[in-house]
Amino acid sequence: MGLSDITAAAINAACEEYDEIGKTNFLKKYGFGISKVYHLFLRGNYYDSKAIVGAAHGYLGQGYEPLNNTDFSGGQQHAVQVLERLGFNVVENPPPIRNPDWSRDELILATEFYFRHAPSIPGKTTRTLAALADDIRAAATMQGLVGNQTFRNANGVYMKLMELRKYDDSYKGVGLGHERVRDIELEVFTLPETQLLLAARDIRTRVQAFLEGGGQVPNVERLLPKSEVLRELLASNDPIEKQLGEVLVDWQETKRSTGKYAGLGRDPGKIRQDGARNVVEKRVRSRASGFDEVSSSGQSYEKIVVDHADQFPDDVVKIAKDRLADFKLVMPTDDRDALSDKVDSILSRPDILLEVPAGNPAPKKELSVGTTYMRDPRVVAYTQQRARGVCDLCEEEAPFRKPYGTPYLETHHVLPLAEGGPDTIENCAAVCPNCHRALHSSHEKGRLTDLLRARLNAN
């Protein structure tokens, strides 16, 4: 009776016991220490190789007893030989069982992302969240941190963002792990926004230099959506099918972020029935992609057509290009000059405002020297058009006209964006410059705001 008698079934039985009673109890029961170099890798888990082989000997049947540490004449290498002979995978220096605590640099990147997106944090299957996870994992690796196969993956990063909510006074719920407050997390979360932004920029600059200098960052598997059709599309080797999968994932997230049901409608069934190319072509021909459905990433059915123009009819390509130009025009911006130019262009295109803009209940923040917000130019244009050149507060005509001939009125958010107000037509008014300043600075601004809200509700 010896190591040569051990079978694969006995090894599996020992591993099952290891899983059932846990590493500490297993090693204590059989009298082994922790494996320092060689580990058995089985079904996604790591096992102390020598202890598993010793315990497996006791699973061979009647008359067999578990081996103890002194029964291995060749030491740990002897156990490795047994496992490899039986076809098992033995690895040297496996990654740690648990991931390390978050460093200050990682928390800075996560916190900056949180403030840019709160309260609508992108889902864990989105490319936006995956890109953040890649940045954070690179920052951690640059500092010498090492983790296991889930090291700073999208799921772990998303959970950390949910934990940060416990430090957010504007969040009405309870953040994950609210019982445990880490001083370093609180310190980073309460940094002045300019200091936070500059720190995040510095970290990204150092990460970029690290990568350009040949730094290697471990890859982790991307989290896939629950939809079977989406999984098939994202796993496809066909570039159009893969891109369509990305478009639909982005579309779901766009709907979710605006408070809508994030279902995919009939598209999954149509894709199975008619194929990805036919579905894309029909959607583009029907101009079914509304302005509110196109994500900030710019992904759309139309972009698929333009990216693979040789695979679609010429008239479909032309429709797609024209629609992409319109999508670019209505894309939200935090640049005041760009917003003004977009509004003027939209006002000259009545067809764009045939679709009432949904706006954004929680406009995305962009950190700069101060905080700016991504504004929807269609909401501004619709508000201006609705006013018909008359101030919504004083009900006087606009003081002058702009070079394009449109009345000059300014767009005011009744509930300010900084106080959580939505960027929607219901929360926007077109007012003359004098009323706009009074709404912000007058000692009667409360009364004026109530009057403005009443007049908007009456229309």
Side-chain angles (χ1 to χ4, degrees), residues 37-47 88-114 117 121-163 200-250 252-253 295 297-299 307:
V37 179
Y38 297 102
H39 286 70
L40 165 63
F41 183 65
L42 182 64
R43 295 186 292 270
N45 295 317
Y46 293 95
Y47 301 89
F88 289 101
N89 182 22
V90 179
V91 298
E92 289 187 53
N93 302 314
I97 295 173
R98 66 180 297 275
N99 290 315
D101 286 339
W102 283 55
S103 67
R104 190 173 188 275
D105 281 1
E106 294 173 276
L107 290 169
I108 285 172
L109 293 179
T111 302
E112 186 223 16
F113 184 92
Y114 180 93
H117 293 275
I121 304 299
K124 60 184 74 172
T125 62
T126 62
R127 286 183 299 172
T128 304
L129 204 287
L132 172 66
D134 289 343
D135 286 346
I136 288 175
R137 193 163 55 258
T141 303
M142 182 177 65
Q143 298 172 81
L145 298 181
V146 178
N148 58 32
Q149 63 268 28
T150 66
F151 184 46
R152 304 303 188 251
N153 65 1
N155 185 62
V157 170
Y158 181 81
M159 297 300 284
K160 177 57 68 177
L161 293 169
M162 295 300 100
E163 286 182 21
R201 285 179 178 172
D202 175 65
I203 293 166
R204 289 197 175 92
T205 299
R206 288 188 281 115
V207 166
Q208 187 63 32
F210 170 72
L211 296 175
E212 290 175 353
Q216 298 295 311
V217 178
N219 291 320
V220 297
E221 289 188 9
R222 176 182 177 179
L223 290 174
L224 296 176
K226 294 180 181 179
S227 166
E228 186 177 339
V229 173
L230 285 185
R231 286 173 175 266
E232 291 173 0
L233 290 172
L234 293 172
S236 173
N237 292 322
D238 182 288
I240 290 179
E241 291 183 354
K242 186 179 287 290
Q243 190 171 352
L244 177 57
E246 298 288 1
V247 168
L248 293 174
V249 169
D250 277 9
Q252 279 189 313
E253 185 59 29
S295 73
S297 70
Q299 289 295 326
D307 287 349

### Query
Distance from K160 atom NZ to N155 atom CG, nearest 0.5 Å?
13.0 Å
### Query
Got a sec, which residues hit ring pair (Phe, Tyr, Trp, His ring centres under 6.0 Å) with F151, two or more places apart in sequence or on another chain?
none
### Message
Show, in sequence, the C-alpha distance, side-chain angles and deciding distance for L161 and H117, and conclude whether the side-chain contact (heavy atoms from CB on, under 4.5 Å) test is met.
### Response
CA-CA 10 Å; L161 293 169; H117 293 275; over 6 Å; no
### Summary
Tightest non-hydrogen contact, residues A140 and E106, listed as CB-OE2, 3.3 Å
### Message
Side chains of V249 and R127, heavy atoms from C-beta outward: is any pair under 4.5 Å?
### Response
no
### Message
Working to the nearest 0.5 angstrom, can you tell me the gap between F88 CZ and F41 CZ?
### Response
13.5 Å
### Query
Side chains of R204 and L109: does their closest heavy-atom pair fall under 4.5 Å?
yes
### Task
Kindly give the heavy-atom pair with the smallest separation between S103 and Q143, and that separation in Å.
OG-NE2, 2.9 Å
### Query
Short question: side chain of Q216, backbone of G214 - any donor-acceptor pair under 3.5 Å?
yes
### Message
Please find the pair of heavy atoms, one from G147 and one from P100, that lie closest to each other, and give the distance.
### Response
CA-CD, 4.1 Å
### Task
Give, for atom CZ of R201 and atom CD of E112, the distance between the pair rounded to the nearest 0.5 Å.
8.5 Å
### Task
State which residue, out of N237, L244, D238, fulfils the side chain to side chain contact (heavy atoms under 4.5 Å, CB included) condition with E241.
D238
### Task
Check the angle between the aromatic planes of H39 and Y46 and answer parallel, tilted or perpendicular using the 30° and 60° thresholds.
perpendicular
### Message
Assess the residue pair V207 and L211 against the criterion (side-chain contact (heavy atoms from CB on, under 4.5 Å)); give the C-alpha distance rounded to whole Å, side-chain angles, the decisive distance to 0.1 Å, and a yes or no.
### Response
CA-CA 6 Å; V207 166; L211 296 175; 4.0 Å; yes
### Query
Is any side-chain heavy atom of L132 closer than 4.5 Å to a side-chain heavy atom of T128?
no
## Note on the structure
Looking only at heavy atoms, the pair that brings Y158 and G123 closest together is CE1-CA, 4.3 Å
### Task
Please name all residues satisfying side-chain contact (heavy atoms from CB on, under 4.5 Å) with E232, sequence neighbours left out, ordered by chain then number.
E228, R272
#### Entry: Non-hydrogen atoms of T141 and P218 that approach each other most closely
OG1-CD, 3.5 Å
### Task
Under the side chain to side chain donor-acceptor pair (under 3.5 Å) rule, what do T150 and N99 come out as? Steps first, then yes or no, please.
CA-CA 8 Å; T150 66; N99 290 315; 3.1 Å; yes
### Side chain R137, main chain V217, donor-acceptor under 3.5 Å
no
### Task
To the nearest 0.5 angstrom, please state how far the CG atom of L233 sits from the CG atom of L248.
6.5 Å
### Query
Hey, mind stepping through R206 and D105 against side-chain contact (heavy atoms from CB on, under 4.5 Å) and telling me if it holds?
CA-CA 11 Å; R206 288 188 281 115; D105 281 1; 3.2 Å; yes
#### Entry: Spacing of T126 atom OG1 and D250 atom CG [to the nearest 0.5 Å]
7.5 Å
### Message
So K124 and N153, do their side chains get closer than 4.5 Å, heavy atoms only?
### Response
no
